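Structure record follows, encoded as C-alpha cells.
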Amino acid sequence: MSLKVYNSLSRKKEDFKSITEGHVGMYVCGPTVSGESHLGHARPYVTFDVIHRYLKHLNYKVRYVRNITDAGHFEEEGREAEDKIAKKALLERLEPMELVQKYTNLFHWAMNEFNTIPPSIEPTATGHIVEQIVMIEKIIKEGYAYEANGSVYFDVEKYNTDFSKIGMPYGILSGRNLEDQLDTTRELDNQEEKRNKADFALWKNAPPEHIMRWPSPWGEGFPGWHIECSAMSNKYLGEQFDIHGGGMDLQFPHHECEIAQSAVCNHKTMAKYWIHNNMITINGRKMGKSYNNVIKLSEMFTGEHPLLEQAYHPMTIRFFILQSHYRSTLDFGNEALKGSEKAMKRLWEAYQVLLKLDEIEDTQAVVLEGEEDIDAKVNTLLAEFDEFMNDDFNTAKVLANMFELVPIINGIQDKHIPLNVLKVETLILLKQKLKVYIEDIFGLKQEQLGGNKLDSVLQLLITIRKEAKSKKDFVTSDKIRNELTNLGVLLKDDKSGETTYTIQ
RNA sequence: GGUUCUGUGGCCGAGUGGCUAGGCUGAGCUCUGCAAAAGCUCCUACAGCGGUUCGAAUCCGCUCGGAACCUCCA
C-alpha cells in the first residue's frame, strides 16, 4: 500500500516516489502580504499542512518551503492618498515594509490559530532580490529573455519553440497552447515593450513614484511576479524537487512561468508532482478580492461580517476543510459551518471518552449475538484510514470512518456494547490510531480553557449538585446547572451517575 | 472564444460499474426527576435525454446549468 497523489502535470494519480529516498522537498506558494488573509486562503495552508503532516507520519524527512510575497506594488486600503503625498515627512509616508510586516504578522497569527506547523523555511521575495537577479541574468545569457527600457521580459515564443522539442512546451501544466493565448491576451501596461504579447516580465523598471525598488544591471526596479518562486525553490530545494503546491488559480500563468524559468536555467522540470487545491466558493463563486466577496479570517473568528450568523472557531474551519477532498470546490455557508462545528464537537467528545475507556470496569460483560463482528469492523475501519490517506489524501473518507467509530465508542461508554467485544489489542490500536489521525495528522485540537483552578471549582459545584440531587433537591441542582449553562459551561449526567462538563 | 473542471437528498459533502459514505437539519423511539448528551430507527439523491453493459451516480454522446483560468489572485 503506497501513497498515490494526483499530479496536475499528468492529470493522473501517480505513485509517489521521492527523488531522494526518505526525503521530500515541498514548495508551496505563500500569500501576497498586501492585505489581510481571508477564508479562501485557509484552504491551501490547511491542505498542505495536512499533506506535510502525513508525509512526516510516513517517516519522510520533509523540507517544507513556503514563501512570503512581499515585493511588488502595495497599497494599504485607505492609505493610498497619503502615499501619494511624497513630500511629507518620512514617518507619515507609507513605508512598504511596515505594511508587509503588518500583514505577515496577521498571516502568522491566523496560521497559528489553525494549528498549522510552520514551514521549514519561509523565504521572502525582498530577501532574495540577489538570487532573482542572478537567475534573470542566466535566462538572458541562455537567450530566453531580453531587456527593454530597463525591464526584462521572458521570450515565451522562443522558449516554446525550443522546449517543445524536448516535450516541455509552454502551457504544459495548464493545457494551453501558445497560439490560443496570442489572440486572447489582453492589453496591459508597457505592452509595446514586449516582442510578444505572451511574454512576461522578469524584472520591471520602477517609475519614479514606485517606492519599492532595488538596483539591478538594468537600472532601478523590482522583480516580476513569477521569478521569486523559481529562485527561492531552486535555492532551498534544488534544481528538482518533489512537490510543488498551490491553489488551482495559480496554475496559469504563475506556475507555468515558473516551469519555464526554471527549465531554462536547469534544463529540467523543477517539480516532480504538482498538487493544486481547489477554491472555497461563496454562493458558488470563488472567494476573491476582485469579486468583492471575501470574509477575512479575523471576521470568521469573531463573527463580525454581514454574511456570518455567528463566530466560527478556527478548528471548525479546519474541520470544515477536512470534510471535503482538497481537489473539490468547497462551498461556504452558515449551515455547513454550523454542521462542522457540531460534528467536530461530537468527534472530539467521543475521542475523549475513548481515552478514558479502560477505566471502566466491565463486570458482567456478555457478548451478545452480532456483537462479535464489532471487533473486526473496528479493525477494518482503522486500516482504511491509511488506505484513504494514501489515495490522494482523502481526508473526507477518513473522517467518515471516524464517525462510524463514534457510535461504537459511545455505545461502550453507555454500556450498550460491552467493552470486551473489543480485543485488548484492538482497543489499544483504536486509541493510538485516533490520536495519530485526529491530533498528529489532521492537526485538530481543543483548547483547555479551564485550567486546574477552574476545574477544581467546577468539580466542587458538581459535588454540591450531586448531593442536592441525592436529596431530591432539584431546585438547587437545576439552579447550579442552569446558571452554569448561562456562563457557557454545560453539565451532562451520564449513565453511571457521573457528571462531566464542557466549556463552550 | 480557448483551456480545464463540474452538476449527488433541506444544507455541506464521499463515491474506484454491482455491496446505494459521512456530517448537519427534520421525524419517531429508548434512556432520564427534568435537561443535555448518547443509542436505535426513518424520510427526502444521483440535472435531462439517449447509448454501452447482465448491471451505471460512476463509462460514452448530446442538451441544459454552474465554476476556475486566459489580468494580481490560495
Side-chain angles (χ1 to χ4, degrees), chain A residues 8 11 13 28-32 34-35 37-48 69 72-73 171 173-177 179-181 183-189 198 225 245-254 256 276-281 284-291 294 319-320 323-325 327-347 349-350 353 388 391 394-404 406-411 413-417 469 472-474 477-478 481-482 485 490-495 499-500 502:
Chain A
S8 306
R11 295 196 190 86
K13 270 184 206 170
V28 173
C29 289
T32 301
S34 62
S37 304
H38 58 74
L39 179 60
H41 293 107
R43 187 92 190 262
Y45 306 127
V46 168
T47 297
F48 287 101
T69 299
H73 184 65
L173 181 67
S174 53
R176 287 153 213 264
N177 60 62
E179 293 83 66
D180 294 335
Q181 290 166 54
D183 306 330
T184 56
T185 308
R186 287 197 212 165
E187 287 299 327
L188 291 169
D189 292 345
W225 306 303
M248 274 186 182
D249 51 352
L250 295 180
Q251 226 167 21
F252 190 92
H254 184 58
E256 210 70 76
H276 291 97
N277 65 275
N278 214 319
M279 303 291 105
I280 286 185
T281 59
R285 230 200 165 95
K286 171 185 168 186
M287 188 177 282
K289 229 172 175 176
S290 42
Y291 293 121
V294 301
F319 188 90
F320 176 62
Q323 270 184 308
S324 70
H325 189 264
R327 278 191 293 111
S328 305
T329 54
L330 174 58
D331 203 44
F332 161 85
N334 280 288
E335 230 182 313
L337 261 309
K338 282 184 201 168
S340 293
E341 184 178 76
K342 276 207 146 186
M344 160 91 194
K345 187 166 175 258
R346 190 164 121 89
L347 177 65
E349 285 178 10
V353 165
F388 294 156
D391 185 16
N394 200 329
T395 55
K397 283 188 117 179
V398 174
L399 277 177
N401 271 23
M402 286 183 184
F403 278 102
E404 294 213 45
V406 166
I408 296 173
I409 295 166
N410 286 331
Q413 162 84 352
D414 282 358
K415 311 209 166 158
H416 295 138
I417 303 171
K469 270 174 70 178
K472 302 240 184 259
D473 178 8
F474 297 123
S477 69
D478 285 355
R481 190 177 63 203
N482 293 339
T485 303
L490 293 185
L491 296 187
K492 286 186 283 190
D493 301 327
D494 66 22
K495 287 265 164 60
T499 301
T500 56
T502 51

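Source: prediction; values computed, not measured.
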Judged by atom type as modelled, is there a donor-acceptor pair below 3.5 Å linking the side chain of A:His254 to the main-chain atoms of A:Gln251? no
Would you indicate what A:Glu404 reaches in the nucleic acid, counting non-hydrogen atoms under 4.0 angstrom: base, sugar-phosphate, or nothing? sugar-phosphate
Output yes when at least one side-chain N/O atom of A:Thr32 is less than 4.0 Å from OP1 or OP2 of B:rA74, else no. yes
Using a cut-off of strictly less than 4.0 Å, decide whether A:Lys345 has a side-chain nitrogen or oxygen near OP1 or OP2 of B:rG23. no
I'd like the C1' distance from B:rG13 over to B:rA45, given in whole Å. 13 Å
Nucleotide by nucleotide, nucleotides 5-18 of chain B touches protein heavy atoms under 4.0 Å in the pattern (B base, S sugar-phosphate only, - none) S----BSSSSS---
Would you say A:Asn410 places a side-chain N or O within less than 4.0 Å of OP1 or OP2 belonging to B:rG39? yes
Choosing from B:rC40, B:rG2, B:rG22, which nucleotide comes nearest the side chain of A:Arg176? B:rG2
Sub-4.5 Å side-chain heavy-atom contact between A:Val398 and A:Met402: yes
Just jot down the side-chain contact (heavy atoms from CB on, under 4.5 Å) partners of A:Pro44, sequence neighbours excluded, or say none. A:Phe48, A:Asn277
What interatomic distance, in whole Å, is found between C1' of B:rA47 and the corresponding atom of B:rG39? 38 Å
Expressed as a whole number of Å, how far does the C1' atom of B:rC59 sit from that of B:rG15? 15 Å
Can you tell me, in whole Å, how much space there is between the C1' of B:rU58 and that of B:rG23? 23 Å
Expressed in whole Å, how much space separates the P atoms belonging to B:rC73 and B:rG2? 26 Å
Categorize A:Met287 for me: base, sugar-phosphate, or nothing, with a 4.0 angstrom heavy-atom threshold over every strand shown. base
On RNA chain B, compare the nucleotides closest to A:Arg285 and A:Lys492; which residue's is nearer the 5' end? A:Lys492
5' precedence on RNA chain B between A:Tyr45 and A:Val406 (nearest-nucleotide basis): A:Val406
B:rG33 - base-pair partner by Watson-Crick or wobble geometry, distances under 3.5 Å: none
Determine the Euclidean distance between corresponding C1' atoms of B:rC60 and B:rG17; express it in Å to zero decimal places. 13 Å
Determine which nucleotide pairs with B:rA14, using a 3.5 Å limit on both distances of a Watson-Crick or G-U wobble pair. none
Would you please confirm or rule out a distance under 4.0 Å between OP1 or OP2 of B:rG23 and any side-chain N or O of A:Arg346? yes
Mind checking A:Met248 for me? I need base, sugar-phosphate or nothing, with any heavy atom below 4.0 Å counting as a touch. nothing
Contact class for A:Gly288 vs. all strands (heavy atom < 4.0 Å): base, sugar-phosphate, or nothing? nothing
Considering just the side-chain nitrogens and oxygens of A:Tyr291, establish if one lies under 4.0 Å of OP1 or OP2 belonging to B:rC73. no
Using atom C1' in both nucleotides, what's the gap between B:rC43 and B:rG28 to the nearest angstrom? 11 Å
Are A:Leu399 and A:Phe319 close enough that some pair of their side-chain heavy atoms sits under 4.5 Å apart? yes
When you compare B:rU8 with B:rA21, how far apart are their C1' atoms, in angstrom units rounded to a whole number? 12 Å
Can you find an N or O donor on one side and an acceptor on the other, under 3.5 Å apart, linking the side chain of A:Asp478 with the base of B:rG33? yes
